[in-house]
Number of protein chains: 2
Amino acid sequence: MPWPKSTKTVRIRKGNLYAADCPTRIVLDDVTSRWGSLVIVLLLEQTYRFSELAYRIGGISEKMLAQTLRVLEEDGFVLREVFPTKPPRVEYSLTPFGQELAERVQYLTSWVENNVAKVMGNREKSRQMSA
Amino acid sequence: MPWPKSTKTVRIRKGNLYAADCPTRIVLDDVTSRWGSLVIVLLLEQTYRFSELAYRIGGISEKMLAQTLRVLEEDGFVLREVFPTKPPRVEYSLTPFGQELAERVQYLTSWVENNVAKVMGNREKSRQMSA
DNA sequence: CTGTATCCGCTATGATACTG
DNA sequence: CAGTATCATAGCGGATACAG
């Protein structure tokens, strides 16, 4: 059932996306997580503060926003800057590395945005077929 | 808390990705679901049978594969062809619409594959910082 | 303002067994 | 082969309260 390993010296140069233990999947999950992709694409616009992100991303809770941002920061996609003012102020932006990624994500999300109507139509047909 | 609606006649032409009720998010979740993106990119290679997909995508269960494929089919991304042989044989492929999507997804996944090592490195640093 | 800590329900997922 | 049905469970994610 596990994937047949081609050799013993399989390295993490370019992981096999289809192997159960491929680290690429882990990273991909960060990027395509429920809120991850939204945060990434939004930060492509400009730098935002925590509360601004919370406001703009409808439906997200503080907990999930903080958690999502922390993961993206650990991965090196997002830069977190703390300004020791009173009250504190934290700004989030994309690193150059994160910008590369974000452009790819946006390439996907924008396509979905532009084609969502057609998808919803396809779903309607499906529902009628089964009815 | 909800996004300020620009007008009352907001339609689903081009949804607002950041609105909680935006249908784009639903479709995006289908596409970026745990197994969705893997299936989509794999089908970009060629047509596959159910069992072939199950074999190639390490770690997926039959249940999740069937479920993922059904959603992608309803969305109009995947074509399901049943050959009434004995035993039955079902082939899955991308529709032209699905191919458009798949190319966008692959554009993302391939970047992640090529940069996963750097991400893992960034994570290491993060862990050391906090230690 | 920017989070963290805790509780907790719900859903997504996996394992298993079964059907056409 | 290609699924479906059922059950069990982990953990996602929301609500709330609290802290620096």
Side-chain angles (χ1 to χ4, degrees), chain A residues 1-3 18-21 25-26 28-39 42-43 47-74 78-93 126 129-130, chain B residues 1-2 18-21 25-39 42-43 47-74 78-93 126 129-130:
Chain A
M1 227 57 100
W3 247 72
Y18 304 110
D21 59 349
R25 284 199 193 170
I26 302 174
L28 202 59
D29 283 342
D30 294 347
V31 174
T32 63
S33 67
R34 181 166 183 196
W35 305 110
S37 53
L38 297 182
V39 170
L42 186 53
L43 287 179
T47 295
Y48 281 110
R49 299 177 57 176
F50 184 86
S51 55
E52 291 172 334
L53 289 170
Y55 174 73
R56 288 185 167 265
I57 301 176
I60 197 171
S61 64
E62 292 185 350
K63 177 186 172 180
M64 291 316 297
L65 179 56
Q67 186 173 308
T68 301
L69 286 168
R70 197 180 333 123
V71 169
L72 294 178
E73 189 198 357
E74 287 172 358
V78 165
L79 176 65
R80 179 176 182 269
E81 289 178 289
V82 182
F83 299 85
T85 57
K86 253 185 100 146
R89 166 198 185 137
V90 182
E91 290 189 353
Y92 293 91
S93 59
S126 266
M129 299 288 283
S130 57
Chain B
M1 225 70 85
Y18 304 110
D21 59 348
R25 283 198 194 171
I26 303 173
V27 176
L28 202 58
D29 283 342
D30 294 348
V31 174
T32 64
S33 66
R34 179 161 185 200
W35 304 110
S37 53
L38 296 182
V39 170
L42 186 53
L43 287 179
T47 295
Y48 281 110
R49 302 177 56 174
F50 185 86
S51 55
E52 290 171 334
L53 289 171
Y55 173 71
R56 288 185 168 264
I57 301 176
I60 197 172
S61 64
E62 292 185 352
K63 175 185 174 182
M64 291 314 299
L65 179 56
Q67 187 173 309
T68 300
L69 286 169
R70 197 179 333 123
V71 169
L72 294 178
E73 188 197 358
E74 287 172 358
V78 164
L79 175 66
R80 179 175 182 269
E81 290 179 289
V82 182
F83 299 85
T85 56
K86 253 184 101 141
R89 167 196 184 135
V90 182
E91 290 189 351
Y92 293 91
S93 58
S126 266
M129 299 287 282
S130 58

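Per chain, numbering begins at 1; letters A, B, ... match sequence-line order. Given the structure is predicted, the values throughout are model-derived calculations rather than measurements.
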Separation of [N] [atom2] from [X] [atom1] (nearest whole Å):
X       : N      : atom1 : atom2 : result
A:Glu73 : C:dT2  : CD    : P     : 15 Å
A:Leu69 : C:dG3  : CG    : P     : 8 Å
A:Arg49 : C:dG3  : CZ    : P     : 10 Å
A:Glu91 : C:dT2  : CD    : P     : 9 Å
A:Leu65 : C:dC1  : CG    : C1'   : 13 Å
B:Leu53 : D:dA2  : CG    : P     : 9 Å
A:Asp29 : D:dC12 : CG    : P     : 11 Å

Scoring nucleotides 4-20 of chain C by protein non-hydrogen atoms under 4.0 Å (B base, S sugar-phosphate only, - none) yields S-B------BBB----B
Does D:dG20 have OP1 or OP2 under 4.0 Å away from a side-chain N or O of A:Arg89? no
- Which part of the nucleic acid does A:Tyr92 contact within heavy-atom distance under 4.0 Å: base, sugar-phosphate only, or nothing? sugar-phosphate
- Item | Full working for side chain to side chain contact (heavy atoms under 4.5 Å, CB included) between B:Tyr48 and B:Leu43 | CA-CA 7 Å; B:Tyr48 281 110; B:Leu43 287 179; 4.1 Å; yes
inquiry  = Could you go through A:Leu65 and A:Val39, starting from their C-alpha distance and side-chain angles, then the distance that decides it, and tell me whether this counts as side chain to side chain contact (heavy atoms under 4.5 Å, CB included)?
reply    = CA-CA 8 Å; A:Leu65 179 56; A:Val39 170; 4.2 Å; yes
Those residues at least two apart in sequence (or on a different chain) that pass side chain to side chain contact (heavy atoms under 4.5 Å, CB included) with B:Ile26 are A:Arg123
task = Decide yes or no on side chain to side chain contact (heavy atoms under 4.5 Å, CB included) for A:Leu53 and A:Leu69, but give the supporting numbers first.
result = CA-CA 10 Å; A:Leu53 289 170; A:Leu69 286 168; 4.0 Å; yes
Side chain to side chain donor-acceptor pair (under 3.5 Å) filter on B:Arg70, not counting sequence neighbours, yields none
- Item | Donor-acceptor pair, side chain of B:Arg25 and main chain of B:Tyr18, under 3.5 angstrom | yes
